[in-house]
Amino acid sequence: VGAAYAAVALLAALRVAAPWAFLPMLLSAVHAWRALAAMKGRGWSHATKGPNMGAISLVFIVFTACLLASLALASLSAAR
């Protein structure tokens, strides 16, 4: 999860797109933070494996959707 956000930060630092185009990634980061905190609260036992796997899968789905939204915003700003 950290490496994915590091890649987004690198894209923003390299000015691949306007900085505001990466705003949807803030939503993704908040979701990831809350999901990881909930996973830590549930613990790491075998009994919590199912809910934790569901939570981390949702983190990656939200990350992907927000990254696509960021790229769409970047392409709209580049088209102008």
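All heavy atoms count here, side chains included; hydrogens, waters and symmetry mates do not. As the structure is a computational prediction, the values presented were derived from the model and not from experiment.
Heavy-atom neighbours of Trp33 CH2 from other residues, nucleotides or ligands within 6.0 Å: at or below the threshold of 12. The local environment of CZ in Arg34 is sparse, with at most 12 non-hydrogen atoms from other residues, nucleotides or ligands closer than 6.0 Å.
For Val59 against Ala32, the heavy-atom pair with the smallest separation is CG1-CB, 3.8 Å. For the pair Tyr5 and Ser28, the tightest heavy-atom approach, listed with the atom from each and the gap, is OH-OG, 2.6 Å. For the residue pair Ala35 and Ala55, the shortest heavy atom distance occurs at CB-O, 4.5 Å.
At a threshold of 4.5 Å between non-hydrogen side-chain atoms, the residues Lys49 and Asn52 do not count as touching. Within the 4.5 Å cutoff, the side chain of Ile56 has heavy atoms near those of the Phe60 side chain.
In this structure, Leu67 is a member of the same hydrophobic cluster as Leu14, with clusters built from ILVMFWY side-chain heavy atoms closer than 4.5 Å.
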task: Please report the C-alpha distance between Met25 and Phe63 in whole Å, then the side-chain angles of each, then the deciding distance to 0.1 Å, and finally whether the side-chain contact (heavy atoms from CB on, under 4.5 Å) criterion is met.
output: CA-CA 7 Å; Met25 295 310 297; Phe63 176 86; 3.1 Å; yes
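Atom CG of Leu36 is separated from atom NE2 of His31 by 9.5 Å, given to the nearest 0.5 angstrom.
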